[in-house]
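All heavy atoms count here, side chains included; hydrogens, waters and symmetry mates do not.
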Amino acid sequence: MEQLSLLIVMVAALIIPLVMARFKISSVPTAVAEIVTGIVLGKSLFNIVAPNATLNMMSTMGVIMLMFLSGMEINFDLFRRQPGAAPNPQSPVNLAGQAFGLVIVTAAILGIILNRIGLFSDIFLATILFSTVALGVVIATLKEKEILGRPAGQTILLTAVLGEVVPMLALTIYASINGGNAGRLWLIVLLFLAAFFLLKRFKQPFIWFNKISKATTQLDIRLAFFLMFILVTIAEQVGAENILGAFLAGMVMKLLEPTENTQEKLTSIGYGFLIPFFFIMTGVRLNIKQLFANPRALALIPILVACFILAKLPTVLVFRRRFSPRNSFADGFLTVTTITLVLPALQVARNLHAITSTQSDAFVLAAVIVCIIGPIVFNSVYKLDKSDLIKQRVVILGANTLTVPIAQQLSKNWYVIRMVTDNEENYKTFNSEVADLTYLPAIDETTLDKGNFFDTDILVASFRNDRKNTRLAQLAKKRGVSRVIASQQNPNVDHERIDELVAQGVEIFNAFNVETSVLRSMIESPSIIELLSDTEAGLFEVVVRNQRYAGQELHTLPFIDKITVSRIYRNHKPISPHGDTIIELGDHILFTGNHLDAETARNELRRKN
């Protein structure tokens, strides 16, 4: 019977996404569908699956893996303020902090109200439960809407991170106090010290691991599970919850900067195998019959649903400071989504006998209901703003006969261009020819910071003075600009300076090298000049971010008949593409085609799902 139950759960895990795809059920999170399936298979309905040692172990592994992957979803760049930059009260970090502060206050008030009317006695536990946010569900919804990297998406994401981290820490404190281990609470500090030590210890070796890893060793995955289990073990030894150790392990792994391929493999192991056990077994353990037989518990469900929603609605007031009223309402309703931390929190409460099984089932059903409502309301109400549609931002320092035509061409496609010059004559000459040209008498860190020119995806230093370009490029790198391109045109080039720039991650542009490369190409391939100068077609590059196409052969791309792939760069090494070439996440694909077809291909390949 034990093996049969295991087989049934595994078959269910396979069938659920197939059924959802067949009937186009996209608004309901897969986690909720798995819980509902567990309810159908468990004692609430057919009773063909019963908890046993194997399933309980797999369920525990599932929640540990879920917390680990949640820790890996945090973008720590959002917490880093650029040196010298003034605080922005409307930044995603500040808005998320204010929003979650209101959530905590509202959740506590609701807990007090439930206590006063005799529906739920534990105010601390109620505050924890009502303030939780399902980070995994929120991330999936934002990815589907394609706004995860935009201000609105970052604000919701950080609110969800706080809605998972803070209640998790509070749950650890709650379990220690109520479990009689309050005197050992300080030992939790050892868990954070261990996480810090592991991060420092494996920062450099991890780079080496990536170089020597083979298909039969998968060192990156072995390290991930090592971090997970060692921090889970330490967490249990110091009296903390194992989910806190798993979450910290995920954060450590994220800070080690794994490749997208590594993240994809871990996600596949988690969501493809382990995590479904946790959600399905959660449904199996629910006893809906017992809940419906108890009128008091049944009446508790709509009250708990209302509390879950009311606790998060104050976030709308904060979000309206930056976003439209319509989208602020949608954003606030997405934070209503809660399931992942509610389940382990209730398990802890049951182990401590702080909550009855009936009350626990009522909380779970209420969480399932809001987990369905939240994404549906968000997807129905949210409308993309202009800020959500902004493509890559480029700042060009230096307006001249080289950069102005480039800015004009790029502005027509996928880029928002801002130009800066310190030459008043050039400003008067080119101001009418580009959409956004700024004149600064002096270009330095202060003036660039005041104009928010460091807030960009790409910065190009293209003055006639190589040393000036070097200084500005190094300054941009120091201020956290991800891509910096510096012009170096002096024939008597300082190779040490160039090497230093390259070591700092600056890309070098040299007109002489470009001209010789084009001339050679014209001799070897006469049609190359037509390709480069064609206004209808061109040569394009895209980085594969869409998991949908990872692992597919090149010839299976739905738009492959409209473009021609000329080269693929993987880990900075060129690959000659063939029809059966397997695409991987992070691949840089160079292709030709007309602008409309190229835009379709780029949007599909770079979209994160």
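A search for side chain to side chain contact (heavy atoms under 4.5 Å, CB included) contacts involving Ile582 returns Glu553, not counting sequence neighbours. A search for side-chain hydrogen bond (donor to acceptor under 3.5 Å, both in side chains) contacts involving Thr356 returns Gln359, not counting sequence neighbours. Residues meeting the side-chain hydrogen bond (donor to acceptor under 3.5 Å, both in side chains) test with Glu604, sequence neighbours left out: Tyr549, Arg607. Partners of Thr233 according to the side chain to side chain contact (heavy atoms under 4.5 Å, CB included) rule, which considers only residues two or more places apart in sequence or in another chain, are Gln237. When the side-chain hydrogen bond (donor to acceptor under 3.5 Å, both in side chains) test is applied to Arg350, the partners found at least two apart in sequence or on another chain are Gln347, Ser360. A search for salt bridge (Lys or Arg N to Asp or Glu O under 4.0 Å) contacts involving Glu264 returns nothing, not counting sequence neighbours. Partners of Asp587 according to the salt bridge (Lys or Arg N to Asp or Glu O under 4.0 Å) rule, which considers only residues two or more places apart in sequence or in another chain, are Arg570. Under the side chain to side chain contact (heavy atoms under 4.5 Å, CB included) criterion, Met251 pairs with Ile74, Phe76, Phe247, Leu248, sequence neighbours left out. Remark: Ser121 pairs with Asn115 by the side chain to side chain contact (heavy atoms under 4.5 Å, CB included) rule, at least two apart or across chains. In this structure, the side-chain hydrogen bond (donor to acceptor under 3.5 Å, both in side chains) partners of Thr132, at least two apart in sequence or on a different chain, are Thr338.
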Intermediate values then yes/no, side-chain contact (heavy atoms from CB on, under 4.5 Å), Phe23 and Val19: CA-CA 6 Å; Phe23 293 99; Val19 172; 3.8 Å; yes

Please lay out, stage by stage, how Ile373 and Val336 fare under the test side-chain contact (heavy atoms from CB on, under 4.5 Å). CA-CA 8 Å; Ile373 294 174; Val336 165; over 6 Å; no

Run the side-chain contact (heavy atoms from CB on, under 4.5 Å) check on Tyr382 and Leu334 step by step: do they pass? CA-CA 10 Å; Tyr382 193 93; Leu334 185 56; over 6 Å; no

Criterion side-chain contact (heavy atoms from CB on, under 4.5 Å) on Thr335 and Asp331, from CA distance to verdict: CA-CA 7 Å; Thr335 63; Asp331 296 345; over 6 Å; no

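No side-chain heavy atom of Asp220 sits less than 4.5 Å from a side-chain heavy atom of Pro258. Residues Leu346 and Leu129 meet the side-chain proximity criterion, which asks for heavy atoms closer than 4.5 Å.
Other residues, nucleotides and ligands contribute over 12 non-hydrogen atoms within 6.0 Å of the CE atom of Met20.
Sorted by first then second residue, the side chain to side chain donor-acceptor pair (under 3.5 Å) pairs that include residues 157-170, not counting sequence neighbours, are Ser70-Glu164, Glu164-Thr340.
Paired with Leu223 under the rule side-chain contact (heavy atoms from CB on, under 4.5 Å), one option of Leu256, Val252, Leu198, Thr262 passes, and it is Leu256.
Remark: aromatic rings of Phe192 and Phe196 are distant, center separation not under 6.0 Å. Proximity of the aromatic rings of Phe120 and Phe130 is defined here by a centroid distance below 6.0 angstrom, and this criterion is not met.
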Without placing hydrogens or testing angles, list every side-chain donor-acceptor pair under 3.5 Å for residues 53-67, not counting sequence neighbours.
unit_1	atom_1	unit_2	atom_2	d
Thr54	OG1	Glu2	OE2	2.6
Asn56	OD1	Arg285	NH2	3.0
Asn56	ND2	Asn52	O	3.2
Thr60	OG1	Asn56	O	3.0

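Classification of the Phe333-Phe329 ring pair by plane angle, with boundaries at 30° and 60°, yields tilted.
Heavy atoms only, all atoms of each residue included: Leu45 and Lys289 are closest at O-NZ, 4.0 Å. Lys254 and Gly71 make their closest contact through CB-O, 4.2 Å (heavy atoms, listed as atom of the first residue, atom of the second, distance).
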